[in-house]
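Quick notes on the structure that follows.
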Amino acid sequence: MIKHKHLIDIEDYSKEEITEILDTAKSFKEVNDRAIKKLPTLRGRTIINLFMEASTRTRTSFEIAGKRLSGDVINFSASSSSTSKGETLADTAETLDAMNCDLVVVRSKQEGAPRLLARHMKAHVVNGGDGKHQHPTQALLDAFTIRETLGRIEGLTIGIVGDIAHSRVVGSLVRLLKIMGASPIVIGPPTLMPACPELLGARVSYTLDDVLPELDIVYMLRIQLERLEASPLPSLREYAMLYGINTKRMRSMKEDAIIMHPGPINRGVELTAEAADSDRAVILDQVNSGVAVRMAVMYLLLGGEGSGVAS
Amino acid sequence: MALLLKGAHVVDPIVGIDEICDILVRDGRVVEVGNAIDLPEKLLVKDCSGKYLIPGMVDVHVHFRDPGQEYKEDIVSGMRAAAHGGFTGVVPMANTKPVIDDGAMIEYVLEKCAYEPGRTRVYPLGACTKGLKGTQLAEMGDMVAAGAVAFSDDGRGIQDGGMMRRVMDYAKMFGKPVMSHCQMEDIVGPGVVNEGVVSTRLGLAGWPAVGEEVQIARDIELARLTGCHIHIQHLTTAHAVEIVSQAKEEGVPVTCEVTPHHLFLSEDDIDKETYDTSLKMNPPLRTKADTLALQEALVDGRIDMVATDHAPHAAHEKALEFNLAPFGTTGLETALGLLLTKLVLPGKMSWQRLVEVTSIKPRELIGAGLARIEPGGLADYTVIDPRIEWEVREEEFESKSHNCAFTGYKLTGRATDVFTEGYASMEDGKVLFS
């Protein structure tokens with residue numbers, strides 16, 4: 001059993017604990033394939049999706065995960081909350097705490113917000129993405145997908161391509177891959193690299209084509225168009241030319257190398273339609289894994305007893 | 001009424017004194033310094049044995065938030081915090097609401113501080129540009145006539161190089177220094193922590209050292225051109241020290257200050273468990289190597305003085321997410337204890353040098369007049385007990401705000417008594433005025 005109260009920073013978790021989450025997710029994935037996709041595990045538990053930044057996909061995934069475990073899931077979004085009326089996050093936390101919720105999933109533009117929340121409430125906190133910092137359940141679902149597709153994580157070489165500087169996906173995924181014994185390489189132009197990428201534990205390459213043949217996994221990050229206002233790139237056309245996966249680049253990939261993407265895809269930018277829809281792409285498997293992994297996280301954090309999960 | 005300060009270890013490098021002796025003060029001035037002083041009739045005797053007595057410390061960089069944000073600090077609470085920390089005088093910055101950018105605002109500051117012997121001196125400073133907007137000269141002549149000692153747009157750097165040149169050209173005619181907060185905004189962007197290790201680890205936007213150094217270099221070249229005295233505020237990096245000291249060697253009229261938090265804290269102190277907003281500073285905490293270089297430069301004279309950048313903020317403001325919380329830490333009440341504990345008592349910095357960086361250099365910068373410990377000298381003193389061990393605790397602050405980066409620190413040595421013109425503003429650790 002994992003011994004953490006929260007899931008905020010993937011670095012807090014050991015290889016064994018991450019493996020346990022993935023193993024638990026595996027059994028929940030089978031539940032998700034049934035006609036009746038519901039377990040009584042979290043009956044009577046209250047889960048709040050506190051989303052202070054728009055995110056339909058992640059919020060929906062957490063909501064489905066909580067509901068499949070019979071938890072009462074409440075969505076609390078910024079537009080319907082008091083955060084825009086001058087209420088502080090600490091006040092919001094204490095307010096939710098007074099309603100005796102059991103677990104809060106928090107998504108915020110502000111790095112460190114989940115820690116702040118955890119300091120002000122008794123509930124378990126799951127980081128659903130904090131600014132440019134981390135997004136641990138995304139890293140876990142990616143790990144799950146990798147293990148399901150390639151049978152292992154240890155020893156693999158993963159190229160993560162795109163906006164490394166502003167990506168919370170990278171923030172958690174690179175750390176997780178290091179913990180699991182894989183070799184991440186971050187790939188992108190220097191204008192989209194953080195100040196010290198080597199601190200994350202990844203190799204750095206500015207040129208995709210130099211490293212593409214050695215990759216077991218090509219992980220394409222979404223280019224967020226709003227970031228382009230600061231002009232880190234001359235154009236999307238040039239980005240696609242330097243970093244996009246197309247039919248030609250797919251030919252220089254390892255035979256069984258796979259393509260991943262946290263979604264949503266900018267078709268024609270990170271991936272051409274041929275690449276996105278090819279057999280190499282496991283993008284929808286990632287989405288599918290997301291529900292199982294989030295079920296596993298909620299289950300393990302909330303105690304995991306009396307679950308009814310097939311062992 | 002005369003005052004005899006008895007038995008202190010008196011240090012004043014200006015007059016070359018560094019020994020235990022007595023000081024007789026009358027009408028705000030020193031009458032006699034020695035060991036067997038004839039006692040006049042009406043005499044107040046203050047036993048200072050075991051303590052050090054130095055020319056009164058002056059902090060050339062504080063924020064008193066008055067007018068406009070008196071919930072954080074006001075001029076009187078700031079003066080009390082200054083006395084409590086051992087300072088006899090302070091220079092509050094102009095980024096109040098409204099901005100201190102004309103003569104009437106300078107008069108407001110002087111009226112509110114209501115100086116008389118036994119209160120903290122407030123040396124008023126005015127903005128360089130109207131409303132700190134960086135586009136139009138503020139009425140410097142009017143402010144000088146009202147009593148302004150220096151000019152600064154602190155809180156922001158003046159972005160436009162041509163504007164900065166006009167500021168310095170114009171300020172020069174009044175013989176007043178321009179103090180510069182160096183921050184090139186188009187390089188710094190939304191940065192909140194040092195660009196490097198901490199920005200990468202915590203995912204926070206980086207504030208690169210070069211965003212500061214580029215503007216320091218620009219302002220130094222403008223000082224070379226205009227002849228105006230430029231004072232670089234709160235520099236934070238080893239390279240910034242190099243830029244300034246090279247310019248000094250070349251004869252450019254430049255001085256610089258460093259804050260206690262940049263001397264003794266680094267980006268490594270901001271950890272991922274807390275995202276502690278009391279460590280959110282502008283400029284940000286830099287690398288450990290920078291802090292060591294700053295300490296060395298303070299000791300050897302390349303950095304001229306210590307200034308606190310005392311920046312009070314209310315608890316509810318600092319309780320926000322890191323990006324949303326305001327920049328700054330209070331500093332008046334911890335600066336001396338930190339300098340003593342970290343540098344003077346371990347023998348890294350002499351008492352004479354402490355006097356230079358806290359009293360002589362700041363006074364020279366703003367033309368405040370030295371507190372020379374010799375007959376006729378101004379009787380502004382800080383009396384320090386180097387033996388007191390104390391912990392930085394919120395409930396003991398005189399400042400209205402408690403956002404101190406050093407809360408919980410155990411320090412050795414602090415001011416016990418402070419005098420302006422021979423009258424105590426603090427006695428035995430208790431501030432006497434309100």
Side-chain angles (χ1 to χ4, degrees), chain A residues 6 8-12 52-53 83 86-94 106 108-120 127 129-136 164-172 174-175 186 191 193-202 204 227 229-232, chain B residues 71 184-213 237 266-280 283-290 313-326 403:
Chain A
H6 310 295
I8 292 177
D9 181 340
I10 198 69
E11 256 183 351
D12 295 340
M52 294 172 291
E53 188 184 47
T83 52
E87 182 177 330
T88 65
L89 183 58
D91 286 334
T92 304
E94 284 165 14
V106 58
S108 172
K109 270 193 264 247
Q110 308 301 337
E111 297 84 10
R115 296 276 185 204
L116 180 62
L117 201 67
R119 277 204 296 282
H120 287 272
N127 183 356
D130 64 327
K132 302 179 293 300
H133 180 227
Q134 288 214 21
H135 191 0
I164 309 300
H166 301 103
S167 174
R168 53 182 162 232
V169 175
V170 173
S172 288
V174 169
R175 288 174 168 102
V186 293
T191 48
M193 282 289 168
C196 302
E198 68 283 1
L199 278 177
L200 301 173
V204 179
R227 301 269 182 224
E229 281 168 23
S231 299
Chain B
Y71 66 96
M184 195 70 97
E185 289 172 6
D186 51 6
I187 294 179
V188 172
V192 291
V193 292
N194 187 40
E195 181 179 296
V197 171
V198 68
S199 66
T200 305
R201 286 219 173 107
L202 275 65
L204 293 165
W207 194 134
V210 71
E212 175 180 348
E213 292 153 356
T237 70
S266 75
E267 61 173 352
D268 301 342
D269 292 302
I270 307 171
D271 71 56
K272 63 175 190 170
E273 301 300 322
T274 55
Y275 282 77
D276 185 354
T277 59
S278 74
L279 301 175
K280 181 179 175 183
L285 300 177
R286 301 293 187 193
T287 67
K288 187 81 186 162
D290 285 316
H313 292 292
H316 70 269
E317 296 169 314
K318 277 287 194 180
L320 296 173
E321 294 92 317
F322 201 92
N323 285 321
L324 304 180
N403 58 303

Practice item. Using side chain to side chain donor-acceptor pair (under 3.5 Å) as the criterion, list what pairs up with Asp12(A), not counting sequence neighbours. Key: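 With sequence neighbours excluded, Asp12(A) shows a side chain to side chain donor-acceptor pair (under 3.5 Å) to Arg115(A), given in chain and number order.
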Review point. Ignoring hydrogens and geometry, is there a side-chain-to-backbone donor-acceptor pair from Ser172(A) to Gln134(A) under 3.5 Å?
Key: no
Exercise for review: Pick whichever of Cys196(A), Gly171(A), Gly131(A), Ser167(A) has the most heavy-atom pairs under 4.5 Å with chain B.
Suggested key: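 Winner by heavy-atom pair count: Cys196(A).
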**Study point:** Choice from His166(A), Glu11(A), Glu198(A), Gln110(A) maximising heavy atom contacts with chain B below 4.5 Å
**Key:** Gln110(A)
Check your understanding: Residues in side-chain contact (heavy atoms from CB on, under 4.5 Å) with Arg286(B), at least two apart?
Key ->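 Counting only residues at least two positions away or on another chain, Arg286(B) forms a side-chain contact (heavy atoms from CB on, under 4.5 Å) with Asn194(B), Trp207(B), Ala209(B), Glu212(B), Thr236(B), Thr237(B), Pro283(B), Pro284(B), Asp290(B).
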Exercise for review: May I ask you to test the Glu111(A)-Tyr275(B) pair for a side-chain heavy-atom distance under 4.5 Å?
Suggested key: yes
Review point. Checking Arg119(A) against chain B: side chain, backbone, both or neither under 4.5 Å from a heavy atom?
Key: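 Contact with chain B: side chain only.
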